[in-house]
Amino acid sequence: MSGPHVIRGSVSLPEAELMWRFSRSSGPGGQHVNTSDSQVELRFDLAATDALPPVWKERALERLAARLVDGVVTVRASEHRSQWRNREAAAVRLAALLAEASAPPPKPRRPTRIPRGINERRLREKKQRADTKRGRSGRDWG
């Protein structure tokens with residue numbers, strides 16, 4: 001693979017904790033693909049890993065609860081013809097999934113009031129537009 005796949009900052013996926021499985025792919029390719037194991041299934045034991053900081057791990061376990069099977073997250077890749085490229089795609093996808101799942105929650109939105117001047121201008125323009133449209137009706141014509 002092309003080196004460690006960084007999740008965020010200095011935290012990366014430990015190669016020793018990644019479990020790979022290969023099978024025949026139904027993706028693109030010629031007759032050779034029917035006989036080669038080019039689909040990649042990458043498994044990562046999120047519940048047992050020590051590679052992530054405890055806060056990140058907690059967050060990821062909570063957010064990925066629907067995807068986990070016994071604390072293990074699984075990612076598949078079969079969009080390329082070669083097993084090597086599918087391995088790369090699966091590792092990148094897993095790193096992105098873990099980065100998104102372990103990201104800190106967004107800051108809560110502070111509600112703000114619309115300034116009175118903006119609201120008055122909106123109502124004034126709305127009234128002008130209504131007057132313009134009312135003037136287009138042929139009611140008053142002869």
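Note that these values count all heavy atoms, side chains included, but never hydrogens, waters or copies made by symmetry.
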Report the C-alpha distance between Thr74 and Leu42 in whole Å, list the side-chain angles of each, state the deciding distance to 0.1 Å, and finish with yes or no for side-chain contact (heavy atoms from CB on, under 4.5 Å). CA-CA 6 Å; Thr74 305; Leu42 176 58; over 6 Å; no

Stepwise side-chain contact (heavy atoms from CB on, under 4.5 Å) check, Arg43 with Val69: CA-CA 10 Å; Arg43 299 170 52 123; Val69 177; over 6 Å; no

Look at atom CZ of Arg76 and say whether more than 12 heavy atoms of other residues, nucleotides or ligands are closer to it than 6.0 Å. no

Are the side chains of Leu68 and Leu46 in touch, meaning some heavy atoms are under 4.5 Å apart? yes

Point-to-point distance, once rounded to the nearest 0.5 Å, from CZ of Arg63 to OG of Ser102: 7.5 Å

How long is the span from the CG atom in Asp45 to the CG atom in Asp70, to the nearest 0.5 Å? 9.0 Å

For residues Val92 and Ile7: do they belong to one hydrophobic cluster (side chain heavy atoms under 4.5 Å, members Ile, Leu, Val, Met, Phe, Trp, Tyr)? no

Has Arg8 got more than 12 heavy atoms of other residues, nucleotides or ligands less than 6.0 Å from its CZ? yes

Within the side chain of Asn86, is there an N or O that forms a donor-acceptor pair under 3.5 Å with the backbone of Ser38? yes

Does Phe22 share a hydrophobic cluster with Val75, counting links as ILVMFWY side-chain heavy atoms below 4.5 Å and allowing steps through other members? yes

side-chain contact (heavy atoms from CB on, under 4.5 Å) between Trp20 and Arg87, intermediate numbers included: CA-CA 9 Å; Trp20 300 93; Arg87 283 177 66 124; 3.8 Å; yes

On a heavy-atom basis, which atom in Lys57 and which in Ala48 lie closest, and how many Å separate them? NZ-C, 4.2 Å

List the steps and the verdict of side-chain contact (heavy atoms from CB on, under 4.5 Å) for Leu98 and Val11. CA-CA 11 Å; Leu98 290 174; Val11 179; over 6 Å; no

Just how far is it from atom OG of Ser12 to atom CG of Leu52, taken to the nearest 0.5 Å? 10.0 Å

With a 4.5 Å cut-off on side-chain heavy atoms, are Phe44 and Pro14 touching? yes

Considering residues, nucleotides and ligands other than Ile114, do more than 12 of their heavy atoms fall under 6.0 Å from its CD1? no

Please identify each residue that fulfils side chain to side chain donor-acceptor pair (under 3.5 Å) with Arg113, with sequence neighbours left out. none

Quick one about Glu17 and Thr49 (side-chain donor to acceptor, distance below 3.5 Å, no hydrogens or angles considered), yes or no? yes

Between Asn119 and Arg116, a side-chain donor and acceptor under 3.5 Å: no

Identify whether the distance between the nearest side-chain nitrogen and carboxylate oxygen of Glu79 and Arg93 falls below 4.0 Å. yes

Could you grab the distance from atom CZ of Arg134 to atom CG of Asp131, nearest 0.5 Å is fine? 5.0 Å

